[in-house]
Engineer: 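My questions all concern the structure below.
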Amino acid sequence: TDNPVVIRQGNATETVSWTFDTNGTLVISGSGYIGAFPSSHSSPWYHVSNAMTSVIIEEGITGIGRENFSSLDNLKSVSIPSTLKLIGDYAFMGCHALEKIELPEGLATIGSHAFYCCRSLTSITIPDSVKSIGKEAFYNCESLDSVTIPNAVTIIGNYAFYKCTALDSVTIGNFVASIGMYAFAN
């Protein structure tokens, strides 16, 4: 609808709050790190996860924690702020409908399994500020057809792009010191 209504809201931490509206949009606001969860079932917005189609993370948020948005089957879009420095382990794992995500300049770390099995993700441009790509970060992103890895990245973890069967364009920066085992294998 044109005028979505907030139907759920709460806090993730003392400095981070969230709202969920009738359009299926989760908005994360506040400052700092969202927090880490032991599983997707323990996130504060788990009870609305099946209806969630988009996530907007507002300016001021600096870190997406472990399992913050994993296994959101209907999540198609994510808006990430320029203040983000960390995408934690398993952050978007299993978000099968996620098609595109713009990673901001200033992001330093993409954790292990961060986009594992995001099967609809078609391309990713990793910002110049990223220094490491965790193990299995884009494992089985079967629609991913291009990736650009900048000069700042020095480590590409084991299996980072494993089973990305549509991958036909890879650009790797000049300063990668370590490419993990089976990083680009099918």
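Computed from a predicted structure; not experimentally measured. Numbers here simply count residues along the sequence, with the first being 1.
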Engineer: In the structure I gave you, are the side-chain heavy atoms of Phe184 and Val170 within less than 4.5 Å of one another anywhere?
Structural biologist: yes
Engineer: Does Asn158 reach the main-chain N or O of Met181 with its side chain, forming a donor-acceptor pair under 3.5 Å?
Structural biologist: yes
Engineer: Yes or no on side-chain contact (heavy atoms from CB on, under 4.5 Å) for His47 and Arg8, after CA distance, side-chain angles and deciding distance?
Structural biologist: CA-CA 10 Å; His47 53 282; Arg8 293 284 177 107; 2.3 Å; yes
Engineer: So, for Ala97 and Asn74, which heavy atoms are closest and what is the spacing to 0.1 Å?
Structural biologist: CB-C, 4.2 Å
Engineer: My understanding is that only one of Thr148, Ile110, Leu107 makes a side-chain contact (heavy atoms from CB on, under 4.5 Å) with Ile126; could you say which?
Structural biologist: Ile110
Engineer: Treat each ILVMFWY residue as a node, draw an edge where side-chain heavy atoms are under 4.5 Å apart, and state whether Ile61 and Leu26 are in one component.
Structural biologist: yes
Engineer: When you measure from the side chain of Asn151 to the backbone of Asp128, do you find a donor-acceptor pair of N or O atoms at a distance under 3.5 Å?
Structural biologist: no
Engineer: Can you list everything that forms a side chain to side chain donor-acceptor pair (under 3.5 Å) with Ser42? Sequence neighbours excluded, please.
Structural biologist: none
Engineer: Would you sort out whether Phe92 and Ile87 count as a side-chain contact (heavy atoms from CB on, under 4.5 Å), showing the intermediate values?
Structural biologist: CA-CA 9 Å; Phe92 295 97; Ile87 296 176; 4.2 Å; yes
Engineer: Please determine whether side chain to side chain donor-acceptor pair (under 3.5 Å) holds for the pair Ser17 and Ser29, giving the CA-CA distance in whole Å, both sets of side-chain angles, and the decisive distance to 0.1 Å.
Structural biologist: CA-CA 5 Å; Ser17 60; Ser29 59; 3.2 Å; yes
Engineer: Can you name the residues that form a salt bridge (Lys or Arg N to Asp or Glu O under 4.0 Å) with Glu105, not counting sequence neighbours?
Structural biologist: none
Engineer: Is Ser169 close to Asp145 at the side-chain level, that is, under 4.5 Å between some pair of heavy atoms?
Structural biologist: no
Engineer: Quick one: does Ser39's side chain have a donor or acceptor within less than 3.5 Å of a partner on His41's backbone?
Structural biologist: yes
Engineer: Does any part of the side chain of Val147, heavy atoms only, come nearer than 4.5 Å to the side chain of Leu167, both counted from C-beta?
Structural biologist: yes
Engineer: Working to the nearest 0.5 Å, report the span between CG of Asn23 and CD1 of Ile7.
Structural biologist: 9.5 Å
Engineer: What residues form a salt bridge (Lys or Arg N to Asp or Glu O under 4.0 Å) with Lys100, not counting sequence neighbours?
Structural biologist: Glu102
Engineer: Just grab all the side chain to side chain donor-acceptor pair (under 3.5 Å) pairs involving residues 53-65, residues at least two apart or on different chains.
Structural biologist: Thr25-Ser54, Glu59-Ser82
Engineer: Quick one: CD1 on Ile133 to CZ on Phe115, what's the gap to the nearest 0.5 Å?
Structural biologist: 10.5 Å
Engineer: Shortest non-hydrogen contact from Glu142 to Thr165?
Structural biologist: O-OG1, 3.7 Å
Engineer: Hydrophobic clustering (ILVMFWY, side-chain heavy atoms < 4.5 Å, transitive) - are Ile56 and Tyr33 grouped together?
Structural biologist: no
Engineer: Less than 4.5 Å apart, side chain to side chain, heavy atoms only: is that true for Ile124 and Ile101?
Structural biologist: yes
Engineer: For the hydrophobic clusters of this structure (ILVMFWY residues joined by side-chain heavy atoms under 4.5 Å, transitively), does one cluster hold both Leu75 and Ile57?
Structural biologist: yes
Engineer: Could you tell me whether the side chain of Leu144 reaches within less than 4.5 Å of the side chain of Phe161, counting heavy atoms only?
Structural biologist: yes
Engineer: What's the shortest heavy-atom distance between Cys95 and Ser71, and which atoms?
Structural biologist: SG-N, 4.2 Å
Engineer: Tell me, do Ile28 and Phe69 make a side-chain contact under 4.5 Å, heavy atoms counted?
Structural biologist: yes
Engineer: Who pairs with Phe175 by ring-ring contact (aromatic ring centres under 6.0 Å, His included), at least two apart in sequence or on another chain?
Structural biologist: none
Engineer: Test of understanding: with ring-ring contact (aromatic ring centres under 6.0 Å, His included), list the residues that count as partners of Tyr90, not counting sequence neighbours.
Structural biologist: His113
Engineer: Can you tell me if Lys163 has over 12 outside heavy atoms packed within less than 6.0 Å of its NZ?
Structural biologist: no
Engineer: Grab the two heavy atoms, one from Pro38 and one from Glu67, that are nearest each other, plus how far apart they are.
Structural biologist: O-OE2, 4.1 Å
Engineer: Taking side-chain contact (heavy atoms from CB on, under 4.5 Å) as the definition, give me every residue that meets it alongside Ala12, ordered by chain and number, with sequence neighbours left out.
Structural biologist: Val16, Ile34, Pro44, Trp45
Engineer: Tell me, with the steps shown, if Ile64 and Leu84 meet side-chain contact (heavy atoms from CB on, under 4.5 Å).
Structural biologist: CA-CA 8 Å; Ile64 296 172; Leu84 196 75; 3.7 Å; yes
Engineer: Among residues at least two apart in sequence or on other chains, which ones pass ring-ring contact (aromatic ring centres under 6.0 Å, His included) with Tyr162?
Structural biologist: Tyr139, Tyr159
Engineer: Looking at every heavy atom in both Ala137 and Gly111, which two are closest together, and how far apart are they?
Structural biologist: CB-O, 3.8 Å
Engineer: Taking side chain to side chain donor-acceptor pair (under 3.5 Å) as the test, write out the residues that go with Ser49, two or more places apart.
Structural biologist: none
Engineer: Test of understanding: clusters of I, L, V, M, F, W, Y form through side-chain heavy atoms closer than 4.5 Å, transitively. Do Val130 and Leu103 belong to the same one?
Structural biologist: yes
Engineer: Do the side chains of Leu72 and Ile80 join up, straight or via other hydrophobic residues, at under 4.5 Å, putting them in one cluster?
Structural biologist: yes
Engineer: Cluster partners of Ile155, using ILVMFWY side-chain heavy atoms under 4.5 angstrom, listed by chain and number?
Structural biologist: none
Engineer: So do Met52 and Phe20 actually touch side chain to side chain, heavy atoms under 4.5 Å?
Structural biologist: yes
Engineer: What's the shortest heavy-atom distance between Pro104 and Pro81, and which atoms?
Structural biologist: CG-O, 3.2 Å
Engineer: Once side-chain contact (heavy atoms from CB on, under 4.5 Å) is applied, do any residues pair with Val6, and if so which ones, sequence neighbours excluded?
Structural biologist: Gln9, Thr19
Engineer: Would the number of heavy atoms belonging to other residues, nucleotides or ligands and lying under 6.0 Å from CG of Asn50 be above 12?
Structural biologist: no
Engineer: Report yes if the side chains of Met93 and Cys117 come closer than 4.5 Å at any heavy-atom pair, otherwise no.
Structural biologist: no
Engineer: Mind checking the SG-CG spacing from Cys164 to Asn140? Nearest 0.5 Å is all I need.
Structural biologist: 7.5 Å
Engineer: Tell me if a side-chain donor or acceptor on Thr13 pairs with a main-chain N or O of Thr15 at a distance below 3.5 Å.
Structural biologist: yes
Engineer: Restricting to side chain to side chain donor-acceptor pair (under 3.5 Å), what partner residues turn up for Ser112, sequence neighbours left out?
Structural biologist: Asp89
